[in-house]
Amino acid sequence: MSDALFNLDREDARARHAALVKEIRRHDEAYYTHDAPIVSDAEYDELRKQLEVLETQYPELVTESSPTQTVGAAPSSGFKKVRHAVPMLSLANAFSEEDVNDFLDKIRRFLGLPEGEPIELVGEPKIDGLSCSLRYEHGKLVQAATRGDGAEGEDITANVKTILDIPHTLNPGAPDILEVRGEIFMNRKKFMSWNAEQAAITKKPFANPRNAAAGSVRQLDASKTAGRPLHFFGYALGEVSEKFATSQEEIRLSLAAWGIPETPYKLCKNTAEIMAFYESLLQRRADLDYEIDGVVYKVNRLDWQERLGFVSRSPRWAVAHKFPAEQAVTRLEAISIQVGRTGALTPVARLEPITVGGVVVSNATLHNEDEIRRKDIRVGDYVVIQRAGDVIPQIVSVVLEKRSKNPGPEYKFPNTCPICGSHAIREEGEAIRRCTGGLVCPAQAVERLKHFVSRLAFDIEGLGSKIIEQFWEEDLVRSPADIFTLEERNKTSLTPIRAKEGWGDLSEKNLFAAINSRRTVPFNRFIYALGIRQVGEATAKKLASVYGTLENLKSALIAAQDETGEARADLLAIEDIGPSVAADLIGFFAEDHNLQQLERLESLLTIQPYEAPKTGDSPVAGKTVVFTGTLTKLTRAEAKAGAERLGAKVAGSVSKKTDYVIAGEDAGSKLKKAQELGVTILTEDDWLALIGAP
Ligand code: IVH
């Protein structure tokens, strides 16, 4: 601290105070509003300290608006959260004509359509931007939100209102509530000149128009969004108060009539027409004003769309036919091994950096040891790499003509873990070699922590990979529960986080605010966060819906260790949980250290019981049903999806807990078991009547 501060006379002190306040305000604005601090946290903290000292010397300078009195109120995360009334989904991908035919065949099977029955599709360009939901009430734009994790996004209304394409008021005729889903994107040609100007000021050009659009909409100061060459295309609906169309095409025409910009499209009657549309867009790709990375096909009939519904995160009635990946040739400099949270050893190619499709690539995945052998990849080789969308770049092949006359030796995959030195073994029939170090392997522990805080798990902003690694090294966070005791421990620490390099009062405060905002967590996210092998987001949701609370899940999975017991049968009866997933689940709950970790987490967190999706007053919500035999009016897949949509659980086998068995023609052993156990048995028609199907 400078001595000069102590010798100021009153007038000088006042002037110095005003200057410090101005300076701190400027930095607050840079940090909070523009997401772009101009000084380090340490420099900023030094300014605040000076201000505090000055105010202690001259208390009359303290006013209500002084930064010493106000900074506590600054927001830690810029945007309000918005819960989507209807989830925002993503799309399944197709990469070939065969995939497209598969997509159509699946639809036919699901709907029980005869082979060869035409399915009319709307083809639209797949815009490479960021998805956005616009909510209009009585024709007025009231809210705009990002997709976020699909269930909850961020409120970007102020930013979106600066995009000239997007009407604030719709033309007459729209339903009272209308949510339009679409893509915000940056004009491709204008991006080039805008990005060059931008780079001259910030020294940080965007890699492509998509990133530029995303960065622009996430400006905390909406006036910064204004004036950027942003546009919008609408392509789907969220919540609507009344039905106004019977086909995808009618949706598009109505949206256009109300003033929403729409992309060109084509109504296709068969695979030949679909492929022709795909080819024509592929040809025109470079001339379009917007980036596209494929074509989206949507079933035109809305009654079919409704029946088809969704699987996991994507609709069954749409698919994205992606354009071929972009490729480039570069040199393989080294192969290193990464260890994941489940101990998998993954070879990673370190490449001479090269631009592929607008993005600089310096790493690519090599999948596993067989892949390296099959492609005979050697360090020093020139390799063809490709990247498609957000997928991790891959090595396609070696350019043998460019191989040196004295090539390096064949790559030898390690059989010990490069991090902890434990044996790395490959189970029979598995492609992946795994470290057997378990708890002693730091790489696994660190990766588990990264997974725990990741977006679809606890989603703790500010606890990125680098920080997790740092906290691990410094012994601050070694297990998930440690994250939630960090603040308490930090209070008495001799080297608090704010004193570490790159940290300051503000960033420390923001970190704890982010952690504390996640002390209440939905049960399904909690299960997913545990990082149990093979338990992804969909399985976590399923488990949460079946078991409801952590208490139930725990006792059921401990009981399921008994191979012949009822708990094991119940677990296996859950649709989509086979013996292998069950074994991983049971294995997790059989470990003492996992149970201890769960206990610690339970004492630090509030885990919200699973909230079933809204199912209205469906008579089958919460019931467990089993379909058996041949159904005649519905296909099995449609029956199952329909039951689930109404909140029922569909099981694969009959037990005392089954509420209804729906027996089709030629039902056999399951019907017999239901009779023995006295479970209510319904015919297909009884079932349809019960659920009020038309
Ligand atoms: S339909 C339920 N149509 O692609 C319908 N999506 O990879 C879901 N996208 O999240 C989306 N162009 O952000 C649809 N013509 C189009 C699209 C499109 C771009 C984006 C959208 C979606 C992502 C899925």
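In each ligand, atom 1 is the first atom listed, and ligand 1 is the first ligand listed. Note that the numbering runs from 1 along the sequence shown for the chain.
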What protein heavy atom lies closest to [atom]? Include the residue and the distance to one decimal.
| atom | value |
| --- | --- |
| atom 23 (C) of ligand 1 | K126 NZ, 4.0 Å |
| atom 21 (C) of ligand 1 | Y235 OH, 2.9 Å |
| atom 12 (N) of ligand 1 | I127 N, 3.0 Å |
| atom 24 (C) of ligand 1 | L91 N, 3.5 Å |
| atom 20 (C) of ligand 1 | E183 OE1, 3.5 Å |

inquiry  = For ligand 1, which is the ligand I care about here, please tell me if W317 has any N or O atom under 3.5 Å from one of the ligand's N or O atoms.
reply    =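 No, there is no polar N/O contact under 3.5 Å.
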
message = If I apply the N/O under 3.5 Å rule, does F310 come out as touching ligand 1?
response = no

I'd like to know whether ligand 1 has [X] as a neighbour, heavy-atom separation below 4.0 Å.
| X | value |
| --- | --- |
| R147 | yes |
| A318 | no |
| R181 | no |
| P125 | yes |

May I ask you to say whether [X] pairs ionically with [Y], meaning some side-chain N is under 4.0 Å from a carboxylate O?
| X | Y | answer |
| --- | --- | --- |
| K126 | D293 | yes |
| E120 | K269 | yes |
| R284 | D287 | no |
| E306 | K243 | yes |

Sequence-distant partners of L89, side chain to side chain contact (heavy atoms under 4.5 Å, CB included), two or more places apart =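 Result, side chain to side chain contact (heavy atoms under 4.5 Å, CB included) vs L89: F310, P315.
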
query = In a check of salt bridge (charged side-chain N to carboxylate O under 4.0 Å, His left out) between E638 and each of K106, R109, R307, R108, which one passes?
reply = R307

Closest to atom 1 (S) of ligand 1 (judged by heavy-atom distance), picking from R252, K298, K322 = K298

Residues which pass side-chain hydrogen bond (donor to acceptor under 3.5 Å, both in side chains) with E262, listed by chain and number, not counting sequence neighbours =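 For E262 there are no side-chain hydrogen bond (donor to acceptor under 3.5 Å, both in side chains) partners, ignoring immediate neighbours.
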
message = Show, in sequence, the C-alpha distance, side-chain angles and deciding distance for E239 and R135, and conclude whether the side-chain contact (heavy atoms from CB on, under 4.5 Å) test is met.
response = CA-CA 8 Å; E239 187 182 357; R135 187 177 171 91; 2.9 Å; yes

inquiry  = Checking Y265 against E249: is there a side-chain donor and acceptor pair closer than 3.5 Å?
reply    =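 A donor-acceptor contact under 3.5 Å links the two side chains.
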
Subset of ligand 1 atoms that lie under 4.0 Å from at least one heavy atom of P315 =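 Every atom of ligand 1 under 4.0 Å from some heavy atom of P315: 2 (C).
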
message = To the nearest 0.5 Å, what is the distance between CD on E250 and CG on L255?
response =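 That separation rounds to 11.5 Å.
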
ask   = With backbone taken as N, CA, C and O and side chain as the heavy atoms from C-beta onward, which portion of E124 lies under 4.0 Å from ligand 1: side chain, backbone, both, or neither?
value = side chain

task = May I ask you to identify, for M88, whether its side chain, its backbone, both or neither come under 4.0 Å of ligand 1 on a heavy-atom basis?
result = neither

